[in-house]
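Hydrogens, waters and symmetry mates are skipped; everything else that's a heavy atom, side chains included, is used.
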Amino acid sequence: MENRLLIVTLLGCSIAVLDVHGFDDVRVRLGSADGFRCSGRVEVYLGHQWGTVCSRGWDLRDAAVVCRELDCGFAFATRGGAHFRRFSGEVWWRNVRCSGDEFTLDLCERSLNDGVCSHNEDAGVECTGKLPAPTLTMQSPFSAYSAGEAVLFTCTAPYWHHPIEVHLYKSGVDTPLVTQRADLRQTRVELTLSDLETSHQGSYSCLYRIQGNPGNSPSSNTINITVLEIHTPQIWYNASPSVRPGWVNRGQSFNVTCSTQPQYPGGSFQLRLIRPNGTVRHSLPALAPFVTFSFSNAQASSEGYYCCLYKVQFGGRTFVSRESQPLAINVRGADPILSPVVISLLVSGLTFIMATCAILIVAKVYCKRARKPTELERESRTCVDNTYIALTIK
């Protein structure tokens, strides 16, 4: 092995003293009495001999490089040499200065020890270990939701050595949508995504971060969710232009149209006709933004209130919209006795008249009772009248 000292001076002042070695194989390990490979004294293999690194100037940025080089996760703490077992070899380096982004400790700036530091000042590192990836699950067995609902995720992080923060990420979004703190030894964390919007549709994963450490764990598996926005349909009808709105001629054809946006594969429109003697339902697949229900022969049985709703099965669930506003249709020329609309109006009017009459009768009885004098009042008036008459006679 060939060791050389490169001293750069400018105007008589030393700027840096670096150890520039030849083509030696420099390796790093962590020596620990408990055998845990990701925690211990920093040891460097140089010149066919293992040595240590002085802790002067040693910080978490230097430790982070060691943990990265050893695939031991992230640096959690730096330790002094007395914290680990004694070492009898050389102290190779001191004043190690890493930016924290290097892949190996050999790429960091440092100085030769030259007998300055002893083993009592050996640098040590405590790494998190290679962080296992968490697992993301959903408490609901379904993958489709409607706007305004909430979805509950569970992130299982098999790491319990230190408190962690768990983050829920949506694919394509840099910032977490939900963050939850987990206490020591808590491995399951619930993450609730509330008030879903269509923008929440996509792929989700979770990861965790050890508190006080800038590094993240690997991402978990991904889960896709679909968010449906189901709107109340619009309803209208078409009939002969010769009749006024709300009416159709008996025996003629008319159409009722249902429409809504957006739509989803497999959706359908349902038309409900409400009559006094029952309800009639019609259904058509939603192959377009609107569907027209055609009736070729208007009869008294066609009269009533028509309502539309949109229905779709998606992700193992059935989503149904609210019913549209009722559309009243009367058939001109139909038997008024059988007309549900006429019957409805007559019943409403009769109910109003009966209620008004009842109120008037109650009011009249109350007023009559209020005007009728009591026996005491009659006796008092008689007494007063007699006195008045007596005084007048005198």
Those residues at least two apart in sequence (or on a different chain) that pass side-chain contact (heavy atoms from CB on, under 4.5 Å) with Gln252 are Ser240, Asn249
If you link I, L, V, M, F, W and Y whenever their side-chain heavy atoms are under 4.5 Å apart, who else ends up in the same group as Val320?
Leu309
Taking all heavy atoms of Gln270 and all of Ser283, pick out the closest pair and write down the distance.
CG-OG, 4.0 Å
May I ask whether Trp58 and Leu30 are part of the same hydrophobic cluster, defined by side-chain heavy atoms of I, L, V, M, F, W, Y residues being less than 4.5 angstrom apart, directly or through others?
yes
Go through the steps to decide whether Glu165 and Arg209 satisfy the test salt bridge (Lys or Arg N to Asp or Glu O under 4.0 Å), and finish with yes or no.
CA-CA 5 Å; Glu165 289 182 347; Arg209 175 181 298 166; 5.3 Å; no
Strictly distance-based, threshold 3.5 Å: is any side-chain N or O of Thr192 a donor or acceptor partner for the main-chain N or O of Ser194?
no
Looking only at heavy atoms, which two atoms of Val243 and Val248 are closest? And how far apart?
CG2-CA, 4.2 Å
Counting only heavy atoms from other residues, nucleotides and ligands, does the tally under 6.0 Å from CD of Gln49 exceed 12?
yes
Say whether Val44 and Val91 are linked into one hydrophobic cluster, either directly or through other cluster members, by side-chain heavy-atom distances under 4.5 angstrom.
no
Under 4.5 Å side-chain linkage, directly or through intermediates, the cluster mates of Ile353
none
From Glu102 atom CD to Arg68 atom CZ, the distance as rounded to the nearest 0.5 Å:
8.0 Å
When you group the ILVMFWY residues by side-chain heavy-atom contacts below 4.5 Å and let the links chain together, are Val151 and Phe142 in the same group?
no
Backbone N or O of Gly89 within a donor-acceptor pair of the His119 side chain at under 3.5 Å?
yes
Taking less than 2.5 Å as the test, are the sulfur gamma atoms of Cys127 and Cys67 close enough?
yes
Worked check of side chain to side chain contact (heavy atoms under 4.5 Å, CB included) between Gln325 and Tyr305
CA-CA 9 Å; Gln325 290 292 331; Tyr305 294 93; over 6 Å; no
Can you tell me if Gln263 and Thr260 form a side-chain donor-acceptor pair at under 3.5 Å?
no
Distance flag, aromatic centroids of Phe153 and Tyr204, threshold under 6.0 Å:
yes
Does any non-hydrogen side-chain atom of Lys311 lie less than 4.5 Å from one of Thr318?
yes
Should Trp50 and Arg29 be marked as a side chain to side chain contact (heavy atoms under 4.5 Å, CB included) after you check the CA-CA gap, both sets of side-chain angles, and the distance that decides it?
CA-CA 9 Å; Trp50 286 99; Arg29 71 183 182 187; 3.5 Å; yes
Donor-acceptor contact present, side-chain Tyr237 to main-chain Pro245, <3.5 Å
no
Exercise: identify the closest heavy-atom pair between Cys98 and Val65
CB-CG2, 3.9 Å
Is it true that Val189 and Ile164 fall in one hydrophobic cluster, defined by side-chain heavy atoms closer than 4.5 Å?
yes
Please tabulate, for the side chains in residues 130-139, all donor-acceptor contacts under 3.5 angstrom to protein atoms that are two or more places apart in sequence or on a different chain.
residue, atom, partner, partner atom, Å
Thr137, OG1, Thr154, O, 3.4
Gln139, NE2, Glu190, OE2, 3.1

Closest heavy-atom contact between Gln299 and Val331?
O-CG2, 3.1 Å
Using 0.5 Å steps for rounding, measure from the OG atom of Ser99 to the CZ atom of Arg61.
8.0 Å
Given 3.5 Å as the limit, does a donor-acceptor pair link the side chain of Arg94 with the main chain of Leu112, or not?
yes
Output the distance between atom CG (Asn95) and atom SG (Cys108), rounded to the nearest 0.5 Å.
13.0 Å
From Tyr310 atom OH to His231 atom NE2, the distance as rounded to the nearest 0.5 Å:
11.0 Å
For Ile230, does its backbone N or O pair with a side-chain atom of Ser321 as donor and acceptor, under 3.5 Å?
no
More than 12 heavy atoms of other residues, nucleotides or ligands under 6.0 Å from CD of Glu149: is that the case?
yes
Say whether, by atom type as modelled, one donor and one acceptor occur between the side chain of Arg79 and the main chain of Glu126 under 3.5 angstrom.
no
Enter the distance from Trp92:CH2 to Ser111:OG here, rounded to the nearest 0.5 Å.
15.5 Å
Under 3.5 Å, which donor-acceptor pairs do the side chains of residues 284-295 form with other protein atoms, sequence neighbours left out?
residue, atom, partner, partner atom, Å
Thr292, OG1, Thr257, OG1, 3.2
Ser294, OG, Asn255, OD1, 3.0

When rounded to the nearest 0.5 Å, the distance separating OG of Ser268 from CD of Gln313 is 8.5 Å
Quiz: residues 169-181 side-chain donor-acceptor pairs under 3.5 angstrom, not counting sequence neighbours:
residue, atom, partner, partner atom, Å
Lys170, NZ, Gln201, O, 3.4
Thr179, OG1, His167, ND1, 3.0
Arg181, NH1, Asp183, OD1, 2.7

